[in-house]
Structure formats: structure tokens, C-alpha cells
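Written out below as C-alpha cells is the structure these notes cover.
Just so it is clear, the values below take in all heavy atoms, side chains as well, and ignore hydrogens, waters and symmetry mates. Below, chain A is the first sequence line, B the second, and so on; all start at residue 1.
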There are 2 protein chains.
Amino acid sequence: MRKPTIQDVARHAGVGVGTVSRVLNNHVAVKGATRETVLKAIADLEYTPNPHARRIAGGKSYTISVLLPVLTTEFYVRLLDGLESAFQEARYDVAIFPLLDRSRLERYLGSHTLAYQADGLVMATYNLTQMFHERRLRTQQPTVLVDAYSDAVDSSFMDNVSGGRLAGEYAVSLPGQLYAVWVETELDHLFTTRVFEDRRSGFLTAVQSAGRTVHREFTSSFDSLAARNTAATLLDDAQAAGLPCTVFASADMLAGALLDEVRLRSLKIGQDVRVIGFDDQPWAAERELTTLHQPVESMGYEAAQLLLSRLNGYKGPPRARRFEPRLIVRGSA
Amino acid sequence: MRKPTIQDVARHAGVGVGTVSRVLNNHVAVKGATRETVLKAIADLEYTPNPHARRIAGGKSYTISVLLPVLTTEFYVRLLDGLESAFQEARYDVAIFPLLDRSRLERYLGSHTLAYQADGLVMATYNLTQMFHERRLRTQQPTVLVDAYSDAVDSSFMDNVSGGRLAGEYAVSLPGQLYAVWVETELDHLFTTRVFEDRRSGFLTAVQSAGRTVHREFTSSFDSLAARNTAATLLDDAQAAGLPCTVFASADMLAGALLDEVRLRSLKIGQDVRVIGFDDQPWAAERELTTLHQPVESMGYEAAQLLLSRLNGYKGPPRARRFEPRLIVRGSA
DNA sequence: TTGTACGCGTTATCAA
DNA sequence: TTGATAACGCGTACAA
């Protein structure tokens with residue numbers, strides 16, 4: 001049997017196709033009763049609109065491209081949840097583009113591909129808008145940054161400076177020397193992010209305001225081996241300098257490595273060594289990790305709203321939506 | 001200025017729209033001269049066909065969904081190169097779906113989304129067809145497996161048994177004890193792959209045929225920290241048992257960790273410890289790693305061809321395209 | 001070998 | 001508030 005069309009629904013409901021379309025798109029000018037009739041007909045026939053027909057009739061693609069780093073972090077799953085729920089409400093499809101390599105990115109956005117057809121772009125973590133200015137990308141769609149900030153386009157992001165500050169303020173209230181571990185910014189100047197610099201500057205500010213200093217800082221790449229090595233080096237230093245100590249690990253992954261290493265050395269977490277993470281990964285609760293929780297879904301949802309308003313014609317200057325992290329105190333600190 | 005349509009091209013070339021369409025779709029019945037005229041008009045106007053209009057007129061989506069594990073390996077970049085080049089020739093768009101989590105997969109394929117609309121599915125590495133049988137996914141599109149095998153659907157894959165055998169045959173020709181490191185198969189029975197079992201069975205077969213035995217086997221998760229730990233444990237054992245030894249590391253990443261650890265212990269690579277990897281990652285050449293090279297692009301290209309033939313109506317039984325790895329001998333063994 | 005005309009399933013417009 | 005109908009841009013019979 002053929003897939004039902006809007007015509008079938010209209011006939012079944014005894015109305016015109018225009019009315020069905022209006023119901024589908026939540027137009028105001030539909031009487032409650034007829035709306036019900038139409039909705040019932042849609043359910044009866046198990047009708048689903050043909051997206052391609054919409055796209056050609058509407059002159060839009062009703063598609064948003066989301067450019068994502070290739071990382072299996074819970075973070076991006078949650079971010080997508082927020083983005084997708086907002087776009088779904090507005091009947092937009094979401095196409096995900098993993099940022100596998102630079103040449104692929106240029107190819108994707110350069111020509112007649114799906115991403116190019118998209119009505120809007122969401123860029124997560126990396127601010128790729130500089131490529132636009134370099135004229136390497138010709139894309140002109142409305143763009144929103146999420147988990148990143150720029151004064152050139154709309155953005156929705158966590159206040160990482162504030163997160164660092166919260167960590168710092170809490171850290172100085174604890175006894176012992178202060179340590180910090182940062183994540184190395186990526187080498188390619190294109191795929192770069194400022195979140196770790198921000199966390200650092202917030203943390204240092206708080207520490208200085210309290211008249212304290214950070215005993216030693218470390219930098220590690222975002223990699224479990226590097227994290228483990230860094231944790232070992234840090235603890236060597238701390239044990240030599242004398243415990244207790246408090247470590248701000250600017251990502252839960254780094255904090256996890258520290259927890260491992262502390263256990264390995266039979267030291268007491270939350271006593272000899274206090275650890276503050278960042279992210280509140282799903283495992284953070286069971287490992288009793290004190291960390292900063294980010295409202296990731298909200299951040300995604302809001303980013304989507306910013307983009308949707310542009311698609312609906314909003315022309316104002318770039319807007320920034322700043323979200324605040326929350327310190328979750330658990331056993332590790 | 002408005003985006004040019006097929007009408008504009010026809011007018012500019014002084015032909016009918018039908019002719020332009022035929023040129024676009026490589027139909028045979030077009031005279032060489034008129035084809036040239038049309039092509040020139042297309043170039044002059046910088047015309048690009050509207051994919052949505054095609055989709056509705058043709059009744060197909062001209063889109064292929066590729067389901068990929070979220071791994072930044074060179075492997076998947078190359079695989080996509082092969083897939084995309086084939087699909088592009090046939091004027092199909094490719095949508096990438098990162099396998100972020102299980103629920104997202106179900107959502108993607110479950111209803112009115114982009115993936116569902118696709119004319120065909122490519123599944124890389126993981127064989128998700130069992131979900132279809134469990135009726136968790138209702139998708140009925142033609143499907144092809146790449147880097148995985150199943151007798152239920154078309155597949156294009158490397159002969160990992162043969163790769164293991166090649167490694168084994170070479171390994172037994174070298175002096176010293178034999179070691180092997182395997183990659184732990186994932187826990188979730190859904191996201192699982194047989195490639196490492198296959199490499200193992202091929203390797204063991206070759207070793208046994210030569211009347212030799214593997215001194216000790218290790219298993220590591222696909223993670224640089226675990227790889228490093230495994231490398232250390234292995235070398236402890238090997239140094240105690242007496243060098244030289246030969247190690248088959250079933251993935252270059254594992255081999256790389258071994259190389260690091262060997263250097264750390266001031267042992268001689270290719271002399272005290274011989275290492276054979278698998279994958280031929282870009283860095284393998286400069287690190288002088290003996291490894292197995294996979295024709296990844298070809299594998300992707302062929303997978304695409306298998307799927308395209310189904311889309312063009314081919315109804316035969318599932319076909320398997322087997323590719324052979326090639327041993328690249330370098331300094332490490 | 002080529003041009004014309006119709007149909008695909010929507011949205012948008014306009015008159016009722 | 002609604003229904004009829006004209007686009008939207010392309011593929012494809014069918015006729016020439």
C-alpha cells in the first residue's frame with residue numbers, strides 16, 4: 001500500500017490540504033475542533049509528512065548541520081540531546097558532521113553536499129568561523145557556537161572562568177598545597193578551544209584573591225596514558241613536598257587518573273589528596289568525585305533557540321548565552 | 001540573484017529540460033555535441049541541481065546513511081574516502097551517523113529521520129543487523145557491511161584471518177620467543193566486532209603449522225594507557241624469559257606502545273624485540289614499524305558498489321568481497 | 001535523439 | 001477560519 005499523503009489526510013478528515021498543512025505547522029488560524037479532526041486522521045492513516053516535498057515547496061532544507069569533534073564523551077551525547085529536542089520541536093532535521101579532518105570539513109561545506117544545503121550551522125567546541133573569514137569556506141548560513149564563544153556570532157556556552165573560580169574558591173578553603181592539571185590545547189590552530197584557558201584564569205584569580213599561590217601546575221593531553229603519567233609525576237612531587245594537597249583537575253578524565261594513582265599508592269582520597277574535577281561525568285557520582293556540573297542539555301537547547309530565531313528572521317547583533325556551572329561536593333574533596 | 005534552475009540551463013543551452021536532465025544523469029541517449037553544449041551552460045551558470053527536487057521527483061532520497069563507530073582513526077577517514085567517492089559518482093549523498101549510544105541509534109533509524117529516509121545503509125565495523133532481527137529496528141533498506149562480515153547481507157571486508165596468518169608466518173621465521181597482544185572485544189554484545197578474533201585465529205594457525213607455540217598472549221583494551229601497561233607487563237616477562245622475542249601486536253596502536261616501552265628500556269627494536277603491527281597507520285612508516293597494510297579505500301569503494309547494485313535492483317543472494325592485507329616489512333621486525 | 005507535459009507532496013497565496 | 005490552486009525544481013513517460 002502506498003504511503004499516505006497530505007491529500008489522503010485531507011480527504012479522510014473532510015478538509016482541504018491547506019488546513020492539514022496549517023495543523024502540521026502549528027499555524028494559529030485553525031479552529032480547535034477541526035484541528036482535532038485532522039490530528040485524528042493523521043493518526044488513523046499513520047501519516048508522516050514527506051520531508052523532501054516540504055523542502056522544495058518551502059524553499060528551505062529544514063535541516064541543521066551540527067559540527068562535532070570526534071570524541072565519545074558523554075558531554076556530546078548530552079549536548080546533542082539538548083540540540084535535537086529543540087530542533088525537533090521546530091520540525092528541523094539534524095545532520096551530524098564529525099570533524100574527522102580538515103580537508104573533509106572543507107569538502108563538506110564547500111559545495112553541493114548536505115551540510116551546504118543546511119539552513120543553519122551549529123559548531124560545537126571549536127570555533128571554525130575563522131575559516132569563513134579566511135574565505136576557505138563560502139558558507140553563509142546563520143551559525144551558532146555552542147561550548148565556545150566568539151563576538152562575531154551567536155553563542156551558547158558555559159562560563160568556564162566562573163567554573164575555574166568556583167573550583168579555586170573551594171580549593172583555598174581546604175588544607176595543604178595547591179596543584180592544578182590543565183589540558184593541552186590542540187596544536188592545529190584551527191581545531192582549538194579556549195575552555196581550558198578560561199578554567200585556568202578563573203582558578204588562578206580565585207587563588208590569588210585568597211592570597212594563596214598554586215604550588216605547581218601540570219599540562220596533559222586529553223589522553224588516558226598522558227593523564228596517568230601526569231598524575232604520577234604530580235603525586236611524586238606532592239609526596240616529596242608533604243601531604244595533604246588539593247588538586248584541581250580541569251577535566252574529570254584527568255581527575256579519574258589521579259584517583260587511580262592515589263589508590264595505587266595507598267593514600268587517602270579526600271584526606272591526603274583532595275581532588276576537584278570538572279564535567280560531572282556519569283561515573284563521577286559513584287567514584288565520589290567532587291566536580292563541576294555543567295548544564296549541557298540546556299546549553300544545547302539554548303543554542304538551538306538562538307539559531308532558530310535567526311532562521312525566523314531575527315537580525316540583531318550577536319548574542320551570548322552564558323551558563324553557570326555548579327560545584328558538586330562529594331567525598332574526593 | 002536567484003539560484004539557477006534546470007530551466008535556466010535548458011534555455012541557455014537552447015535545449016529542453018529533459019535533455020539537461022539526461023545529461024545530468026548520464027543517460028546514454030544524448031548526442032555528444034548537445035551534451036557539450038549543456039555541460040557548458042551548466043558551467044556558465046554555475047548550476048547545481050536542487051537535491052530536494054530530485055528526491056521528490058525521483059521518489060528516492062538519493063542518500064546513503066553510513067553508521068560509524070566514534071573513533072578518530074585514520075582508518076575511518078580512509079574508509080569514508082572510498083565510500084564517498086563511489087557514491088558521489090552515482091550522485092548519492094552520504095550522511096554520517098556516529099554511533100554515540102544505543103538509544104540514539106534506535107531513534108535515528110526508528111522513524112521519520114534522515115537515516116530512515118536513506119535509500120541504503122552502510123554499517124562499518126559493527127554488525128548491527130541483529131537489531132533488525134530483534135525487531136528493534138524496522139528499517140528495511142538495502143544494507144551493506146564494511147569491515148565486518150555476515151552471511152545475511154552484502155559485505156566488504158578485509159580477510160583478517162589471512163592477515164593474522166601472514167603475521168604468523170613471518171613471525172616464525174624470526175628468532176626468539178613469540179608473543180601476541182590482542183584487543184579486547186567490547187562488552188556490549190551489540191557493538192562488537194570479530195576482526196581481532198580473526199587475526200588471532202590466523203596467527204595461531206600459522207604458528208602451529210610451523211610447529212611452534214606462542215609463549216604468551218595478552219589482551220588490552222583499545223586505549224593508550226592500557227596499551228602501555230600491557231607493553232610493560234609483556235616486556236617484563238620477555239626480559240625474564242630471555243630475549244630476543246617477536247611480538248605480534250594486532251593493532252598499530254598497541255605496537256606503538258610497545259615501541260615506546262622498548263625504547264624506554266634501552267632495548268634494540270628489530271633486534272632484542274621485534275614488533276609486527278596491524279593497520280599501517282600514517283606514522284608507521286616513520287617509526288619503521290613492520291605491519292599489515294589494508295586496502296581500506298578499496299574496501300569502502302567496493303562496499304558502495306555492492307549497495308548501489310542493490311539500489312539498481314539486483315536481487316541475488318548476499319555477496320562477500322574479501323580483501324587481502326599485505327605485509328610491509330620495515331625495521332621493527 | 002530530443003522537446004513537451006505531467007506528476008511528485010508539500011507550502012503559500014488568495015479568495016471566499 | 002477555510003478550501004482551491006499555483007508554485008517549487010526535477011525526473012520521466014510519451015510524442016515527435
Side-chain angles (χ1 to χ4, degrees), chain A residues 1-39 41-42 45-63 90-93 112 117 119 311-313, chain B residues 1-39 41-42 45-63 90-93 112 117 119 311-313:
Chain A
M1 207 188 76
R2 213 179 81 268
K3 221 192 145 206
T5 74
I6 199 171
Q7 308 277 357
D8 300 324
V9 176
R11 205 173 310 120
H12 190 90
V15 300
V17 289
T19 305
V20 179
S21 177
R22 279 184 282 264
V23 171
L24 249 21
N25 294 288
N26 290 316
H27 278 262
V28 273
V30 182
K31 201 164 63 183
T34 48
R35 155 169 274 115
E36 294 308 318
T37 324
V38 171
L39 254 22
I42 289 176
L45 300 177
E46 296 186 355
Y47 162 77
T48 58
N50 180 323
H52 309 306
R54 280 187 84 207
R55 296 193 234 270
I56 160 149
K60 302 194 280 180
S61 74
Y62 297 97
T63 301
R91 293 190 70 202
Y92 274 81
D93 272 323
H112 343 297
Q117 299 290 336
D119 296 330
L311 297 177
N312 291 328
Chain B
M1 209 188 78
R2 216 182 77 270
K3 225 193 140 205
T5 73
I6 198 170
Q7 308 277 355
D8 300 323
V9 176
R11 204 172 312 117
H12 190 92
V15 300
V17 290
T19 306
V20 178
S21 177
R22 279 184 282 265
V23 169
L24 249 22
N25 295 288
N26 290 316
H27 279 261
V28 275
V30 181
K31 202 164 62 184
T34 48
R35 156 170 273 115
E36 295 307 318
T37 323
V38 171
L39 255 22
I42 289 177
L45 301 177
E46 296 187 357
Y47 163 77
T48 57
N50 180 323
H52 309 307
R54 282 186 80 207
R55 297 193 235 271
I56 164 154
K60 302 194 281 181
S61 76
Y62 297 97
T63 301
R91 295 191 68 202
Y92 274 82
D93 272 323
H112 342 297
Q117 299 289 338
D119 296 329
L311 297 177
N312 290 328

message = What verdict does the side chain to side chain contact (heavy atoms under 4.5 Å, CB included) test give for B/Val15 and B/Thr37, after you've listed the backbone C-alpha separation in whole Å, the side-chain angles of each residue and the deciding distance to 0.1 Å?
response = CA-CA 9 Å; B/Val15 300; B/Thr37 323; 5.6 Å; no
inquiry  = Students often get this wrong, so: under 4.0 angstrom with heavy atoms, is B/Gly14 touching a base, only sugar-phosphate, or nothing?
reply    = sugar-phosphate
request  = Would you indicate whether the side-chain heavy atoms of A/Asn25 and A/Arg54 approach each other to under 4.5 Å?
outcome  = yes
Rounded to whole angstrom units, what separation is found between the [atom1] atom of [X] and the [atom2] atom of [N]?
X       : N     : atom1 : atom2 : answer
A/Gln7  : D/dG3 : CD    : C1'   : 12 Å
A/Ile42 : C/dG9 : CD1   : P     : 16 Å
B/Arg11 : C/dT4 : CZ    : C1'   : 15 Å
B/Ile56 : C/dG7 : CD1   : C1'   : 9 Å

message = Could you walk me through whether B/Arg35 and B/Leu39 satisfy the side chain to side chain contact (heavy atoms under 4.5 Å, CB included) test, starting with their C-alpha distance in whole Å, then the side-chain angles of each, then the deciding distance to 0.1 Å, before giving a yes or no?
response = CA-CA 6 Å; B/Arg35 156 170 273 115; B/Leu39 255 22; 3.8 Å; yes
inquiry  = Can you tell me if B/Thr34 touches the phosphate of C/dT2, counting only side-chain N or O atoms and a distance under 4.0 Å to OP1 or OP2?
reply    = yes
ask   = Does B/Thr19 make a side-chain N or O approach to OP1 or OP2 of C/dT2 shorter than 4.0 Å?
value = no
A/Asn50 and A/Thr5: CA distance, side-chain angles, deciding distance, side chain to side chain contact (heavy atoms under 4.5 Å, CB included) verdict = CA-CA 8 Å; A/Asn50 180 323; A/Thr5 74; over 6 Å; no
task = Describe, as an angle rounded to 10 degrees, how the axis at the first end of the helix from C/dT1-D/dA16 to C/dA16-D/dT1 is tilted relative to the axis at the last end, five pairs per end.
result = 40°
ask   = Quick one: ring-ring contact (aromatic ring centres under 6.0 Å, His included) partners of B/Tyr92, sequence neighbours excluded?
value = B/Tyr62
request  = Give the B/S/- string for nucleotides 11-16 of chain C, one per nucleotide from 5' to 3', where a protein heavy atom under 4.0 Å of the base yields B, of only the sugar-phosphate yields S, and otherwise -.
outcome  = SBB---
query = Quick check: does any side chain N or O of A/Ser61 sit under 3.5 Å from a backbone N or O of A/Asp119, one acting as donor and the other as acceptor?
reply = yes
request  = Under the side chain to side chain contact (heavy atoms under 4.5 Å, CB included) rule, what do B/Arg55 and A/Ile56 come out as? Steps first, then yes or no, please.
outcome  = CA-CA 9 Å; B/Arg55 297 193 235 271; A/Ile56 160 149; over 6 Å; no
Stepwise side chain to side chain donor-acceptor pair (under 3.5 Å) test for A/Thr63 and A/Asp93 = CA-CA 5 Å; A/Thr63 301; A/Asp93 272 323; 4.9 Å; no
